[in-house]
Structures are given as structure tokens and as C-alpha cells.
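Reviewing the structure listed below.
Note that the numbering runs from 1 along the sequence shown for the chain.
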Amino acid sequence: QVQVVESGGGLVQAGGSLRLSCTAFRLTIDGVNMGWFRQAPGKEREGVSCISWNGQTTYYADSVKGRFTISRDNPKNTLYLQMNSLKPEDTAMYYCAYGGPCSSGRWSSPDLVPHWGRGTQVTVSS
């Protein structure tokens with residue numbers, strides 16, 4: 001069974017940084033679009049960022065543009081999300097998404113993602 005495991009979440013003050021990682025087990029990320037969603041309590045899961053299978057295309061939600069950077073290391077089978085200038089409104093559970101359509105204009109809807117991680121909590125204090 002494919003496993004996708006996130007790490008790197010935590011508690012940080014506003015203005016701080018965190019780097020999330022996502023590693024896939026029993027399946028390669030090579031050739032697969034990857035990305036991140038987040039879900040705050042009482043809110044729907046929203047797409048944050050994605051990166052195409054070849055790393056040529058990235059997408060960022062307007063709310064994180066200029067602050068978050070997505071990257072991938074295929075030999076390490078790992079996806080990253082560098083989050084800078086964090087704000088309290090970034091507080092959410094962050095989920096790694098394995099697969100799903102990714103373009104510069106949009107990221108997949110959650111129902112099209114074949115595999116999910118269990119999430120890593122990011123909490124930003126004011």
C-alpha cells in the first residue's frame with residue numbers, strides 16, 4: 001500500500017519559517033504531480049501549491065504567493081514546501097497530495113487526488 005508521510009510542522013511565531021517534507025513509500029514520485037493542501041478547523045480543504053511531474057510547472061494559491069516555495073527531489077522521493085513570513089491565517093493541517101492535475105493556473109480538487117498523507121499541523125501564533 002502506498003504511504004505518503006509528511007513532516008516538519010510545528011508551532012512558530014508570525015513572521016517565522018517552516019519547511020514541510022513529504023516522502024512517498026512503496027511508490028516513486030518520479031513522473032507524478034505532487035502538491036500540498038491545507039485545512040483549518042471548520043473550513044474546507046484548500047489547495048496551497050503544486051508542482052508538475054517534471055518540476056517545470058508550479059502553482060501557488062494567491063494567499064501564499066511570494067511566501068511559500070514548493071520543490072521536489074525525485075531521487076530522494078521527497079516533496080518540500082518552504083514557508084516563510086508565516087501568518088496566523090496559515091494555521092492549518094497541511095496535507096501532502098500524491099497525484100492530481102497540476103497547472104500554473106490551478107491545482108487539483110481534493111477528490112481527484114489518489115493518495116494522501118495524514119497531515120502535519122502548522123500553528124502560527126500572533
Side-chain angles (χ1 to χ4, degrees):
Q1 184 178 355
V2 173
Q3 276 190 302
V4 179
V5 180
E6 304 95 336
S7 62
L11 173 64
V12 64
Q13 288 188 330
S17 298
L18 285 173
R19 187 195 197 201
L20 305 184
S21 299
C22 166
T23 301
F25 298 91
R26 301 187 184 88
L27 206 63
T28 180
I29 70 168
D30 200 2
V32 179
N33 297 333
M34 301 286 294
W36 296 91
F37 285 75
R38 67 185 181 186
Q39 188 167 18
K43 295 188 177 181
E44 292 186 353
R45 191 168 294 195
E46 64 167 340
V48 175
S49 180
C50 69
I51 185 167
S52 62
W53 63 274
N54 60 1
Q56 296 290 311
T57 300
T58 57
Y59 163 84
Y60 297 95
D62 288 343
S63 57
V64 307
K65 275 181 185 175
R67 300 187 298 121
F68 290 12
T69 303
I70 192 169
S71 61
R72 61 192 297 158
D73 187 335
N74 287 356
K76 292 185 178 180
N77 226 31
T78 300
L79 175 75
Y80 302 100
L81 186 68
Q82 178 67 43
M83 306 187 296
N84 298 329
S85 302
L86 283 161
K87 305 175 181 180
E89 50 264 44
D90 294 318
T91 295
M93 185 72 80
Y94 282 70
Y95 296 93
C96 178
Y98 180 100
C102 173
S103 69
S104 59
R106 64 178 296 169
W107 180 202
S108 174
S109 60
D111 60 315
L112 295 179
V113 174
H115 300 292
W116 293 96
R118 291 188 176 183
T120 185
Q121 178 67 39
V122 171
T123 303
V124 184
S125 63
S126 57

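Evaluation of the side chain to side chain donor-acceptor pair (under 3.5 Å) test over residues 29-38, restricted to residues two or more places apart or in two chains, returns D30-N74, R38-E46, R38-S63, R38-D90, R38-Y94. Judged as a salt bridge (Lys or Arg N to Asp or Glu O under 4.0 Å), not a single pair has a partner in residues 47-57 (not counting sequence neighbours). Under the disulfide bond (SG atoms under 2.5 Å apart) criterion, the residue pairs touching residues 38-95 are C50-C102, with sequence neighbours excluded. Residue pairs meeting the disulfide bond (SG atoms under 2.5 Å apart) criterion with at least one partner in residues 65-97, sequence neighbours excluded, are C22-C96.
In terms of the salt bridge (Lys or Arg N to Asp or Glu O under 4.0 Å) criterion, K43 has no residue partners (sequence neighbours excluded). Under the salt bridge (Lys or Arg N to Asp or Glu O under 4.0 Å) criterion, D111 pairs with no residue, sequence neighbours left out. Residues passing the ring pair (Phe, Tyr, Trp, His ring centres under 6.0 Å) test with F37, sequence neighbours excluded: W107, W116. Applying the side chain to side chain contact (heavy atoms under 4.5 Å, CB included) rule to T78 yields the partners S21, T23, K76, Y80; only residues at least two apart in sequence or on another chain are considered. Residues satisfying the side chain to side chain contact (heavy atoms under 4.5 Å, CB included) test with T123, not counting sequence neighbours, are L11, T91, Q121. Annotation: side chain to side chain contact (heavy atoms under 4.5 Å, CB included) contacts of P101 (sequence neighbours excluded): S108, L112. Not counting sequence neighbours, the partners of S17 by the side chain to side chain contact (heavy atoms under 4.5 Å, CB included) test are Q82, N84.
Cluster membership check: L27 shares its hydrophobic cluster with I29, using side-chain heavy-atom separations under 4.5 Å among Ile, Leu, Val, Met, Phe, Trp and Tyr. Hydrophobic clustering (side-chain heavy atoms under 4.5 Å, transitive across Ile, Leu, Val, Met, Phe, Trp, Tyr) keeps V122 apart from Y95. L79 and V32 end up in the same hydrophobic cluster when Ile, Leu, Val, Met, Phe, Trp and Tyr side chains are linked at under 4.5 Å. Linking Ile, Leu, Val, Met, Phe, Trp and Tyr residues whenever their side-chain heavy atoms come within less than 4.5 Å places V4 and L81 in a single cluster.
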When you look at M83 and L20, which way does the side-chain contact (heavy atoms from CB on, under 4.5 Å) test go after all the steps?
CA-CA 8 Å; M83 306 187 296; L20 305 184; 3.7 Å; yes

Kindly determine whether R67 and K87 satisfy side-chain contact (heavy atoms from CB on, under 4.5 Å), including the steps that lead there.
CA-CA 10 Å; R67 300 187 298 121; K87 305 175 181 180; 3.8 Å; yes

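Within the 4.5 Å cutoff, side-chain heavy atoms of L86 are placed close to those of F68.
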All N/O donor-acceptor pairs, side-chain side in residues 54-61, below 3.5 Å, sequence neighbours left out:
{"residue": "N54", "atom": "OD1", "partner": "S52", "partner atom": "OG", "Å": "2.8"}
{"residue": "N54", "atom": "OD1", "partner": "Q56", "partner atom": "N", "Å": "3.0"}
{"residue": "Y60", "atom": "OH", "partner": "I70", "partner atom": "N", "Å": "2.8"}

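Within the model, atoms OG of S126 and CD of E89 stand 10.0 Å from one another, a figure rounded to the nearest 0.5 Å. With rounding to the nearest 0.5 angstrom, the CE atom of M34 is 10.0 Å from the NE2 atom of H115. Atoms CE and CZ, from M93 and R118 in turn, are 11.5 Å apart once rounded to the nearest 0.5 Å.
G100 and P114 make their closest contact through N-CD, 4.0 Å (heavy atoms, listed as atom of the first residue, atom of the second, distance). In terms of heavy-atom proximity, A40 sits nearest to A92 at N-CB, 3.9 Å. Contact detail for V64 and V48: the closest heavy-atom pair is CG2-O, 3.8 Å. Considering all non-hydrogen atoms of both residues, T120 and G9 come closest at OG1-N, 3.1 Å.
One N or O on the side chain of Y98 and one on the backbone of T28 form a donor-acceptor pair closer than 3.5 Å. Distance alone, capped at 3.5 Å, places no donor-acceptor pair between the E44 side chain and the Q39 backbone.
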